[in-house]
Asker: 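Would you mind keeping the following structure in view while I ask a few things?
Lettering follows sequence order; numbering is per chain, from 1. When reading the values below, keep in mind they use all heavy atoms of this one structure, side chains included, and skip hydrogens, waters and symmetry mates.
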Number of protein chains: 2
Amino acid sequence: MKLSTKGRYGMKAMFDLALHGGKSPLPLKTIAERQEISEAYLEQLISSLRKAGLVNSVRGSQGGYKLAYPPEEITVGSVIRTLEGSMAPSACVTEEKPLDCKKADSCVIRPIWEKMRESVDNVIDSITLQDMLEDYNNQSQ
Amino acid sequence: MKLSTKGRYGMKAMFDLALHGGKSPLPLKTIAERQEISEAYLEQLISSLRKAGLVNSVRGSQGGYKLAYPPEEITVGSVIRTLEGSMAPSACVTEEKPLDCKKADSCVIRPIWEKMRESVDNVIDSITLQDMLEDYNNQSQ
DNA sequence: TTATACCCGAGTAATTCACCAGGCTTTACT
DNA sequence: AGTAAAGCCTGGTGAATTACTCGGGTATAA
């Protein structure tokens, strides 16, 4: 049940944006170097995040990326789900279009997959980038 | 974050053993047919379950498999973890030997992976095959 | 002794992962 | 106006993983 690098790198990049991002956009290269991620690969990931509306881009020289919302409005869940899809352990319990299975009604395993998904969703939807920033600041004391 | 077929098929097989297993062992073929799983593939999975001590095997004619413990003593977690490994979303937060990362101390993402793992573990460790049997029996009313 | 069933290792097609390459477009700065 | 810095986009690719299959063992009830 590991996440792929998409979710992990994506979280690093988003936190980097929250921590180092200001008024002017952060170029991808800076983020990639600081987080030690392949730039070309991170470009793909941040492209998904942009299409999902989580970051904004500024093209051209001096361009880069910025969070589309203040850190307290961006949850870990929205980032991870954008890059990894549903947290459902089985296709029959995704939020959006659960794969329908004839035996869904009588299946005793399905409710277990559902609980797993819900419990993961609860965790990741309850943490925002702002929470992470605060943890980071408290740490350095 | 999907489980592979190992975990999913393995759960089906274990529940089948709990539901249909009696004093005499259930042959793999029967389980595979009833659960619509490739017999040769399921053999590999149940072999892991046997090595983990969750099922016992009886060789030879009239042989098959039985649960090694009563259903109330077998958790979903023990089955899934046997077949899938740790539920950690990142290698740095596995129960047994977390991959050590120099930045582990200062990492603000790590605690999130930890919470995810814990919450999944809580769900799957709190459900036994017996619970599933009861759900199944209540359903048919 | 024979049919049934578990045991085991190797092989394999298909898919996914984690990138890389290269060209195009946009824009600030000089 | 020219140039360099940046994002945008498509396609390719080697390595790993997944989900099996195959073929031969070995044990044992009948």
Asker: If you define the side chain from C-beta out and look only at heavy atoms, does anything of B/Lys115 sit under 4.5 Å from A/Ile124?
Answerer: no

Asker: Answer yes when B/Glu36 and A/Lys103 have at least one side-chain N-carboxylate O distance shorter than 4.0 Å, and no when they do not.
Answerer: yes

Asker: With no hydrogens and no angle check, just 3.5 Å: does a side-chain donor-acceptor pair link B/Thr128 and B/Glu72?
Answerer: no

Asker: Have B/Thr5 and B/Tyr41 got a donor and an acceptor in their side chains that come within less than 3.5 Å?
Answerer: yes

Asker: From the list C/dC7, D/dA30, D/dG7, which nucleotide is the closest neighbour of the side chain of B/Tyr65?
Answerer: C/dC7

Asker: For D/dA19, does either OP1 or OP2 sit under 4.0 Å from a side-chain N or O belonging to B/Ser4?
Answerer: yes

Asker: At 4.0 Å (heavy atoms only), tell me whether A/Gly63 reaches a base, stays on the sugar-phosphate, or touches nothing.
Answerer: sugar-phosphate

Asker: Can you list, in residue-number order, the parts of residues 19-46 of chain B that come under 4.0 Å of DNA chain C, counting heavy atoms only?
Answerer: B/Leu26, B/Pro27, B/Leu28, B/Glu43, B/Gln44

Asker: To the side chain of A/Lys6, which of C/dT4, C/dC7, C/dC17 is closest?
Answerer: C/dC17

Asker: Find out if a path of hydrophobic residues (ILVMFWY) with successive side-chain heavy-atom gaps under 4.5 Å connects A/Leu19 to A/Leu45.
Answerer: yes

Asker: B/Lys2 has an atom NZ; how far is it from atom C1' of D/dT17, in whole Å?
Answerer: 15 Å

Asker: If we ignore angles and hydrogens, is there a donor and acceptor under 3.5 Å between the side chains of B/Glu84 and B/Ser4?
Answerer: yes

Asker: Do A/Ile127 and A/Thr75 have side-chain heavy atoms sitting under 4.5 Å apart?
Answerer: no

Asker: I need the NZ-P distance between B/Lys66 and C/dC6, as an integer number of Å.
Answerer: 14 Å

Asker: Whole angstrom is fine here: how far is it from CG in B/Asn56 over to P in C/dC7?
Answerer: 10 Å

Asker: Going by modelled atom types, is there a donor-acceptor pair between the base of C/dT27 and the side chain of A/Arg59 at under 3.5 Å?
Answerer: no

Asker: Would you kindly compare A/Gln62 and A/Thr5 by the position of their nearest DNA chain C nucleotide and give the one closer to the 5′ end?
Answerer: A/Thr5

Asker: Is B/Ser61 near enough to D/dA27 that one of its side-chain N or O atoms lies under 4.0 angstrom from OP1 or OP2?
Answerer: no

Asker: Respond yes when some side-chain nitrogen or oxygen of A/Arg8 is under 4.0 Å from OP1 or OP2 of C/dC17, and no when none is.
Answerer: no

Asker: State whether A/Tyr9 places a side-chain N or O below 4.0 Å from either non-bridging phosphate oxygen (OP1 or OP2) of C/dC19.
Answerer: yes

